[in-house]
2 protein chains.
Amino acid sequence: MTVTLKDVAERAGVSRSAVSRSFTPGASVSAKTRAKVEQAAAELGYAPSALASGLSTGRTKLIGLVSNNFHNPVFLEVFDLFTRAIQDRGLRPLLVNLSEDTDPEAAIRMLRQYSVDAVIVASSTLSPAFAADCKAAGLPVVHAFGRATQHPEVPVVCIDNVEAGRMAARALLARGYRDIGFLGGPAGATTTQDRLAGFRQELARHPGCRLRESFASTYSHDAGAAEMSRLIDTGPLADAYFCGDDVIAIGALGVLRKAGRDVPGDVGLIGFNDMEAASWGLVTLTTIRQPLDEIIEVSVGQAIALSERPETPVTQTLLPLTLIERGTLRPRM
Amino acid sequence: MTVTLKDVAERAGVSRSAVSRSFTPGASVSAKTRAKVEQAAAELGYAPSALASGLSTGRTKLIGLVSNNFHNPVFLEVFDLFTRAIQDRGLRPLLVNLSEDTDPEAAIRMLRQYSVDAVIVASSTLSPAFAADCKAAGLPVVHAFGRATQHPEVPVVCIDNVEAGRMAARALLARGYRDIGFLGGPAGATTTQDRLAGFRQELARHPGCRLRESFASTYSHDAGAAEMSRLIDTGPLADAYFCGDDVIAIGALGVLRKAGRDVPGDVGLIGFNDMEAASWGLVTLTTIRQPLDEIIEVSVGQAIALSERPETPVTQTLLPLTLIERGTLRPRM
DNA sequence: GGGCAAATTGCAACCGGTTCCTAAACCGGT
DNA sequence: ACCGGTTTAGGAACCGGTTGCAATTTGCCC
């Protein structure tokens, strides 16, 4: 049924090695032989088996793409960019959904079984231990959207969440807000902690400020809505809130509007991520944008580098953020 | 570096065949041998190479998951469900992003090279020719979210778009709307055509109705917004619109609110898909839900069946829709 | 035309499993 | 202890490529 190297070799009247070499860039074949082979291959519709070649060369051109963020709308964009970046370089993404109920160890075993050339972990909520375990299992790995640390075990490509906190604080201060709220994601998440740290840091430089802290239980619309409801019920609100991410902000925004509060008139809101919905007419959320495309380009580049030269030193890449002004903060003063 | 069958065999003091059989369910091995093998394998941390076994058995446990919908938020949910469904059955999704600039032929060649067990095309906007080409290339294929036809070439799992049109019409009529608009997706899309057909059909049964037809240029927020702007600018609006999908509806909703029209007071809106954002507090969109989970379960089931018995007859599965009432239509009369 | 180095070619072993086939080990029964 | 029938085990070929090595061909120069 399937046409193999041997079939092409027979048809072209050459050896199997000659055919193999004709398909290997830079191998030693005469123009004449290559022509015969290509002709025969075309006639037969031959395509070399990636399995067989992966088996003998040890490289499969498969990249394990692991994530557990299948509910955050930005990740659709992330998957789009990742799959394209991977495909553009002649590789293929083997997607792994590492949701609650899947065993991380099994996932790693699986990635080894398919001998993927590298693994890219795309998640801000997954423990760094997972990436470290991949590395321990001998898989080249890059953690995109991970946490920057002093002594990273694996390459991390991310933004500086502490700086994100500072940036949000500066944006709020510049617009004259003084009674300021932090409406973070889950209190235990490192992203929340880092952003809060930066946020506090910057506010501390402005004596007259008040900071109130609260947390949504997850990075989700409903959690953001629930937390904002609670804040409304339990007392006067701050003048403006820095939200854990855009979905949380949108949840909060919905509750505020329903409660008759004007945004940004009564309350200011700033989100994080710049997901597509942030620009929707109903939303027009002021937010901080992560450079998704750069994060992804760098991640894929590093993954490939690492798969080619495993001894490549472990580095950390911090990429710059951008404030996207829309309509949920009052103008600069 | 990697531990192979041979290593395990030597350690366990048995032949390579014995090891292989120990890992093949239903093979003939004595309990004693299997125990020795399992012990040795555990000690060595052995995991059989999926490549090698794929090469000799012809089955790779790889499922090609092809889509070009990386901008429609429902597809994040679709990918979540697909990857889980596939993983739950011990298979792996090889993701293919078939965006504009990627060559469908190259994609098919690639899927053959990796000898995926089956291909699932997950897209409502991709030509049925792609799935047909997969089949012609000898790949078992299922088209999820495809179009139902009289003589399907490949199995299709979808909803009945004509019925969707009727359902939307009935919902609007039941709420007393009589001057009714169809704000479809791209006019050339089969989904648009089918829904419009059903919509007309049902309205035709109610003599006193007026139907106005218009189309957004793509299934996107901005296209929906643009088309609604145009409608507002060019004359009086209908009483209610059936939108091509939820993103289009949300785009239209944003424009209406900004123009000072009350929804549902002045204008009613019904969407399609029931994407997550439809339930957001800011949106509360009345819409028609496709049973994503069922579509995906059935698709995966059929893909597997087809890969195991290629002669499985080609069937078409139409799954039922549900009206989800939220806040963009006035109450039933 | 002869001689030499460089380019090409084919052979054969190997990548890591699977499976057919035959031979050996095992079983209960007498 | 012996027999016939099952299990179980191992040898070897195969899946479809890749690649080191030795042999052959080619091209060039004298």
So what does [X] hit on the nucleic acid, given a heavy-atom distance under 4.0 Å: a base, only sugar-phosphate, or nothing?
X     : value
A/V19 : nothing
A/S20 : base
A/S17 : base

I need the [atom1]-[atom2] distance between [X] and [N], as an integer number of Å.
X     : N      : atom1 : atom2 : result
A/K32 : C/dG10 : NZ    : P     : 11 Å
A/L5  : C/dC11 : CG    : C1'   : 14 Å
B/E10 : D/dG10 : CD    : P     : 13 Å
A/F23 : D/dG16 : CZ    : P     : 15 Å
B/K36 : D/dG10 : NZ    : C1'   : 13 Å
A/L44 : D/dG17 : CG    : P     : 12 Å
A/R34 : C/dA7  : CZ    : P     : 15 Å
B/K61 : C/dT18 : NZ    : P     : 10 Å

Can you label the angle between the B/F23 ring and the B/Y46 ring as parallel, tilted or perpendicular, going by 30° and 60°?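 Because their plane-to-plane angle is over 60°, the rings of B/F23 and B/Y46 count as perpendicular.
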About how many Å separate CG of A/L62 and CG of A/L111, when rounded to the nearest 0.5 Å?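 It is 9.0 Å, given to the nearest 0.5 Å.
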From the set [options], return the single nucleotide nearest to any side-chain atom of [X].
X     : options                : value
B/A18 : D/dG17, D/dG10, C/dG17 : D/dG10
A/V14 : D/dG16, C/dG10, D/dG10 : C/dG10
A/S56 : D/dG16, C/dG17, C/dT19 : D/dG16
A/L55 : D/dT18, D/dG16, C/dT8  : D/dG16
B/P48 : D/dG17, D/dG10, C/dG17 : C/dG17
B/S28 : D/dT7, C/dT18, C/dC15  : D/dT7
A/Y46 : D/dG17, C/dT8, D/dG10  : D/dG17

Closest-nucleotide ordering on DNA chain C, the 5'-leading residue of A/S30 and A/R16: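 Comparing both residues, the 5'-ward one is A/S30.
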Taking the nucleotide of DNA chain C with the closest heavy atom to each, which residue, A/S15 or B/K6, is nearer the 5' end?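 Between the two, 5'-proximity favours A/S15.
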In the strands shown, is C/dT30 matched to any nucleotide by a Watson-Crick or G-U wobble pair with both distances under 3.5 Å, and which?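 For C/dT30, the partner nucleotide comes out as D/dA1, under the 3.5 Å rule.
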B/F70 ring center within less than 6.0 Å of B/F79 ring center: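 Judged by ring-centre distance (under 6.0 Å), B/F79 and B/F70 do meet the cut-off.
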Determine, step by step, whether B/D7 and B/R11 satisfy the salt bridge (charged side-chain N to carboxylate O under 4.0 Å, His left out) criterion, reporting the C-alpha distance in whole Å, the side-chain angles of both residues, the deciding distance to 0.1 Å, and the verdict. CA-CA 6 Å; B/D7 304 322; B/R11 174 140 195 157; over 6 Å; no
Tell me the closest heavy-atom pair linking A/I296 and A/A85, and the distance in Å.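 In terms of heavy atoms, the two residues are closest at CG2-CB, 4.1 Å.
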Between B/K135 and B/E153 (salt bridge meaning N to carboxylate O under 4.0 Å), is one present in this structure?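 Salt bridge: no.
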On the nucleotide C/dG16, are OP1 or OP2 found under 4.0 Å from the side-chain N or O atoms that B/S53 carries?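 The answer is no; no side-chain N or O of B/S53 sits under 4.0 Å from OP1 or OP2.
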Between B/V29 and B/A52, which has a closest nucleotide on DNA chain D that is more 5'?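 So the residue in question is B/V29.
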Taking N and O atoms by type only, does the side chain of B/R21 place a donor or acceptor under 3.5 Å from a partner on the base of C/dG17?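 Looking at the base of C/dG17, it does not pair with any donor or acceptor on the side chain of B/R21 (distance under 3.5 Å).
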